[in-house]
Peer 1: 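Sending over a structure as structure tokens; questions will come in a sec.
Each chain gets a letter, A, B and so on, in the order the sequences are listed, and its residues count up from 1.
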Number of protein chains: 2
Amino acid sequence: MSSAASSGGSGGPGGPGGARKRADKRQAILEAAFTVFARRGYAQACVQEIAQEARVAKPTVYSHLNDKETLFRHALEAAADALAAENLAAVERLRDLAPDADLRAALTGTADRLLRICGSERGRALKWLTYAQVGTFPDLVDAVLERTGRRLGTALADRLARLSLAGRLRPCAPEQAAEHFLALLTAPYEARSALGTRPLPATALHGLAEAAVDTFLLAYAA
Amino acid sequence: MSSAASSGGSGGPGGPGGARKRADKRQAILEAAFTVFARRGYAQACVQEIAQEARVAKPTVYSHLNDKETLFRHALEAAADALAAENLAAVERLRDLAPDADLRAALTGTADRLLRICGSERGRALKWLTYAQVGTFPDLVDAVLERTGRRLGTALADRLARLSLAGRLRPCAPEQAAEHFLALLTAPYEARSALGTRPLPATALHGLAEAAVDTFLLAYAA
DNA sequence: AGCAAGATGAACCCATGGGTTCAATAGCTA
DNA sequence: TAGCTATTGAACCCATGGGTTCATCTTGCT
């Protein structure tokens, strides 16, 4: 199940099998890199271990990604893309809300999902790794934040603008409302979970989501 | 030339001068350690550079602190203590607020100070270093968070409880109010400043403080 | 003056790990 | 079958840096 049997039908017509397998390896290497970086941190992670994790030889790693730093950047950006997709999906649930639907319940549902993503294995690892290298690769912080932070903020602002226009929220600056919604949600989570080091039970997460929505609605409800 | 003239009045009566100088060196080492760790990160910082920064020989460093990890822990805890003192001072300004004083102005003043501390050289460095080692030294995260996070939260909760009792805020759970106040303040700062990598002008900081207080008062004013 | 405790710098030992080289091999294409 | 390309494993080079040792000062105390 490692890599040989992965591409399904062997030598499917229409595409060069060699290139396909090569792309698969690159993918495996990036995933393995993220796993190992998450486990050890940037400096402590050795390329050898990444190669093992990807079931690949060390020179193969260097043939795909030039050096450790490139490996790190690509691995983190890929992880950020995956997280961003999950975040956006959670926010999109606020689209097409029926006029008589329960706004509080909808917001709480979205909040709950965002919190779960934030506390997921990948979410925590990405945050740690990004913060950790903020001094050495400041531009990487920007790339990751663009994907996970800014995109999420504007998508949520879009939804809140519609809700405001529909009279379900008071007139407000949607960017700021989104910023405050996310703040009320994530900052208490960071504090309670000790930056993600201490796992919170699902009930605690739900409590945080409800508290955030409560306060948000006190400030922003119509 | 370096250390001989450091202790000010030479041989002040009442204390053993030797021990005093030794304590001074320890202090210098810890400060230098924080400076260098902040500059390079934990793994990239070498003890040699810390020794140079402290104007001390490498074996002297090891004679005071057993190894690099101990050095790191003590340096960070000292920095956290210093930050905690500043934070508490900012919150204490809410004590003894005159019954007819401008609550919004008082909260904004405190918010402004907290934001400045959070964005200070020391504040940013401490946050980066703590986050960076969250995987390797999880208990250190706890020690730092206890000093900067928890203490600040309860101190602010104390003040808000009094304000609530005095009828200036609506009845509420003070811990949660404090949590939300700090969330509205710091999370937007983190987002806007890209985790502290991009400096915000004082006017932007003030704007964040005012926005946070606005929303907070919408939800928590009497 | 003479002693004890630090402090010093330089050299040293050694583990880790990034990055490369190379000969051997597996797998696909023609 | 011939040939090309990607892969492999193992050994290798070399820089970095944690931690120690030691002989030599410096300094304060008596």
Peer 1: Residues from residues 63-71 of chain B sitting under 4.0 Å of DNA chain C, heavy atoms only?
Peer 2: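 Hits under 4.0 Å, by residue number: B:S63, B:H64.
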
Peer 1: Grab the CD1-C1' distance between B:I29 and C:dA7 for me, whole Å please.
Peer 2: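 Result: 10 Å.
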
Peer 1: Taking the minimum atom-to-atom distance to the side chain of A:A57, which one of D:dG18, C:dA10, D:dG9 wins?
Peer 2: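 Given the options D:dG18, C:dA10, D:dG9, the side chain of A:A57 is closest to D:dG9.
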
Peer 1: List the atom of B:K68, the atom of B:A43, and the distance in Å for their closest heavy-atom pair.
Peer 2: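 Answer, listing the atom of B:K68 first, then B:A43: NZ-O, 3.4 Å.
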
Peer 1: Find the distance B:Q48:CD to C:dA11:C1' and express it as a whole number of Å.
Peer 2: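 Between C1' of C:dA11 and CD of B:Q48: 12 Å.
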
Peer 1: Is any NZ, NE, NH1 or NH2 atom of the basic residue among A:E86 and A:R113 found under 4.0 Å from an Asp or Glu carboxylate oxygen of the other?
Peer 2: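 Looking at A:E86 and A:R113, the cut-off is not met.
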
Peer 1: Quiz question: by atom type and distance under 3.5 Å, do the side chains of A:Y220 and B:T215 form a donor-acceptor pair?
Peer 2: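 Short answer, yes.
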
Peer 1: Within the distance-only criterion (no hydrogens, no angle test), does the side chain of B:H74 pair as donor or acceptor with the backbone N or O of B:T70 below 3.5 angstrom?
Peer 2: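 Between the backbone of B:T70 and the side chain of B:H74 there is a qualifying donor-acceptor contact (under 3.5 Å).
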
Peer 1: Do you know the tightest heavy-atom contact between A:A211 and B:H180?
Peer 2: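 So the minimum-distance heavy-atom pair works out to O-CE1, 3.4 Å.
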
Peer 1: Starting from P on D:dT16, measure out to CD on B:E49 and report it in whole angstrom.
Peer 2: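 Result: 13 Å.
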
Peer 1: Between B:R73 and B:D139, does a salt bridge (charged side-chain N to carboxylate O under 4.0 Å, His left out) hold up when you go through it step by step?
Peer 2: CA-CA 10 Å; B:R73 301 189 109 92; B:D139 54 313; 2.4 Å; yes

Peer 1: Contact class for A:A43 (heavy atom, under 4.0 Å): base, sugar-phosphate, or nothing?
Peer 2: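 No contact.
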
Peer 1: Of all the choices, D:dT8, C:dA7, C:dG17, which nucleotide is nearest to the side chain of B:K25 once you look at every atom?
Peer 2: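 Selected nucleotide (nearest to the side chain): C:dA7.
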
Peer 1: Give the rounded distance in Å between these two atoms: CD1 of A:I50 and P of C:dG18.
Peer 2: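 A:I50 atom CD1 is separated from C:dG18 atom P by 8 Å.
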
Peer 1: Using whole Å, what does the distance between atom C1' of nucleotide C:dG6 and atom CZ of B:R55 come to?
Peer 2: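 It is 20 Å, rounded to the nearest whole Å.
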
Peer 1: Quiz question: going by heavy-atom distance under 3.5 Å, is there a donor-acceptor pair between the base of D:dG9 and the side chain of A:K58?
Peer 2: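 No, no donor-acceptor pair under 3.5 Å.
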
Peer 1: Looking at D:dG19, C:dG18, C:dT21, which one has an atom nearest to any side-chain atom of A:Y62?
Peer 2: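 Selected nucleotide (nearest to the side chain): C:dG18.
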
Peer 1: Does a nitrogen or oxygen in the side chain of A:T60 sit under 4.0 Å from OP1 or OP2 of D:dT7?
Peer 2: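 For D:dT7, neither OP1 nor OP2 has a side-chain N or O of A:T60 closer than 4.0 Å.
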
Peer 1: Within this structure, what is the CZ-to-C1' distance between B:R26 and C:dG6, rounded to whole angstrom?
Peer 2: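 B:R26 atom CZ is separated from C:dG6 atom C1' by 15 Å.
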
Peer 1: Specify the closest pair of heavy atoms between A:L129 and A:Y42, including all atoms of both residues, with the distance to one decimal.
Peer 2: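 Minimum heavy-atom contact is CD2-N, 4.3 Å.
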
